[in-house]
Amino acid sequence: MAIEYKDYYEILGVAPGAGDEEIRSAFRRLARMYHPDKTGNNREAEDRFKEINEAYEVLSDPERRDRYDNFTGAWQSGREQAWSDFGRSDGGRPNHFQFDRQNFSDFFGQLFNGRGGARNRTGPEPKAPKEKFDGRGDDLETDLRVTLDEVLNGAARTITMKRSSKCQACLGMGQVSARPCEQCSGKGEVLRNEAVTVKIPKGIKEGAFLRVPGRGEPGIANAPAGDLYLKVQYAAHPDFHLEQGILVHDLALAPWEAVLGATINVPTLTGNTNIKVPPGTQNGAKLRIKGRGLPNSDATTGDLILNVIIQVPATTALRERQLWEELARESIFHPRQN
């Protein structure tokens, strides 16, 4: 089955040469518009929200964006033939496993992780070398994308895992059938869905691993299967990002709000709240809201940091310009004097 090409630039409504800030602004605007909190159980809006997150996941990462741009050039020239150069990244390993890519499309999974989306595990704590062959299956590793809400509250997530097995209909004939059968279309192997439920602990850190026993590569001669390790990645959020593990919100202020002080309504992971901006707040200042961040390892809750960004109007109406000119004449503030 052909995999549908995804135009990530079109999804975000930006040009291929768009800068990082333009891409981020487009993501934030669209993600807020289609966020489930605002759209409820609207399936179309939910699918659109997932598509927006996928596009941002690629275009906000320089390495992924470069790979995607290179693939796009090849795809536009050779269409389906482009997959022969870009489609596999698993070193030719057989596709014994496929994952649902945590709500990302088959296009994303094929381009960046190969069809399986799983890789042989190498860290962060590699298995000790075997003194002798014991037949145990290899461990596998794949990424698990979690939302900040799941990090805040903990959650149970069911992911779909497809396991490859021999086609029983073809084996019943003694060999792989030359004619397509109903189960495997003559390929000799079928993929069967397995539901894997994973508990996401409250406060799980990005880069941590969750272990699912017995869901790795099968063992040989009735030996135990390996384990599946899920590497936690935080999903992008339209209002927050993390700096050294601390939750941060970029707070835009008008110049007069920074100079005079103001009471501002700001988002948190548990709902909006009002904060007071002190008079004379500088661009780049950090304001703190205690207990509104992510959980810490000691069962306490971290703080939310507000990163102040003073915005200047790009254009002004006539009366506004007159007021700015009057302020320039009357102000005793001289930024380039000590």
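Side-chain atoms are counted along with the backbone in the values below, which use heavy atoms only and exclude waters and symmetry mates. Positions are given from 1 along the sequence.
Salt bridge present: Glu57 and Arg64 bring a charged side-chain N and a carboxylate O closer than 4.0 Å. At a threshold of 4.0 Å, the pair Asp61-Arg65 does not count as salt-bridged, since none of the basic side-chain nitrogens sits closer than that to a carboxylate oxygen. Here Lys231 does not pair with Glu141 in a salt bridge; the nearest charged N to carboxylate O distance is not below 4.0 Å. With respect to the salt-bridge test (charged N to carboxylate O, under 4.0 angstrom), the residues Lys6 and Glu51 qualify.
The side chain to side chain donor-acceptor pair (under 3.5 Å) check on Asp20 picks up nothing, with sequence neighbours excluded. A search for side chain to side chain donor-acceptor pair (under 3.5 Å) contacts involving Glu243 returns His241, not counting sequence neighbours. Shown here are the side chain to side chain donor-acceptor pair (under 3.5 Å) partners of Asp303, two or more places apart in sequence or in another chain: Arg288. Remark: Thr197 engages Thr158 in a side chain to side chain donor-acceptor pair (under 3.5 Å) (not counting sequence neighbours). Evaluation of the ring-ring contact (aromatic ring centres under 6.0 Å, His included) rule for His35 yields Phe49 as partners, not counting sequence neighbours.
Listed by first and then second residue, the ring pair (Phe, Tyr, Trp, His ring centres under 6.0 Å) pairs that reach into residues 293-316 come to none, sequence neighbours excluded. Sequence neighbours left out, not one pair with a member in residues 292-328 passes ring pair (Phe, Tyr, Trp, His ring centres under 6.0 Å). Judged as a ring pair (Phe, Tyr, Trp, His ring centres under 6.0 Å), not a single pair has a partner in residues 269-313 (not counting sequence neighbours).
Residues Arg67 and Asn70 are not in side-chain contact: their nearest non-hydrogen atoms beyond the backbone lie 4.5 Å or more apart.
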Solution key, residues 202-209 side-chain donor-acceptor pairs under 3.5 Å, sequence neighbours excluded:
{"unit_1": "Lys205", "atom_1": "NZ", "unit_2": "Pro295", "atom_2": "O", "d": "3.3"}
{"unit_1": "Glu206", "atom_1": "OE2", "unit_2": "Tyr234", "atom_2": "N", "d": "3.0"}

Please tabulate, for the side chains in residues 254-269, all donor-acceptor contacts under 3.5 angstrom to protein atoms that are two or more places apart in sequence or on a different chain.
{"unit_1": "Glu257", "atom_1": "OE1", "unit_2": "Ala254", "atom_2": "N", "d": "2.9"}
{"unit_1": "Asn265", "atom_1": "OD1", "unit_2": "Asn272", "atom_2": "ND2", "d": "2.8"}
{"unit_1": "Asn265", "atom_1": "ND2", "unit_2": "Asn274", "atom_2": "OD1", "d": "2.9"}
{"unit_1": "Thr268", "atom_1": "OG1", "unit_2": "Thr270", "atom_2": "N", "d": "3.2"}
{"unit_1": "Thr268", "atom_1": "OG1", "unit_2": "Thr270", "atom_2": "OG1", "d": "3.3"}
{"unit_1": "Thr268", "atom_1": "OG1", "unit_2": "Gly271", "atom_2": "N", "d": "3.3"}
{"unit_1": "Thr268", "atom_1": "OG1", "unit_2": "Gly271", "atom_2": "O", "d": "2.4"}
{"unit_1": "Thr268", "atom_1": "OG1", "unit_2": "Arg292", "atom_2": "NH1", "d": "2.8"}

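Between Thr147 and Asp149, the side chains place no donor N or O within less than 3.5 Å of an acceptor N or O (distance only, hydrogens not considered). A side-chain N or O of Tyr9 and one of Asp69 form a donor-acceptor pair less than 3.5 Å apart.
Cluster partners of Ile309 are absent, since no Ile, Leu, Val, Met, Phe, Trp or Tyr has side-chain heavy atoms less than 4.5 Å from it. Hydrophobic cluster membership for Ile305: Ile246, Val248 (Ile, Leu, Val, Met, Phe, Trp, Tyr linked by side-chain heavy atoms under 4.5 Å, directly or transitively).
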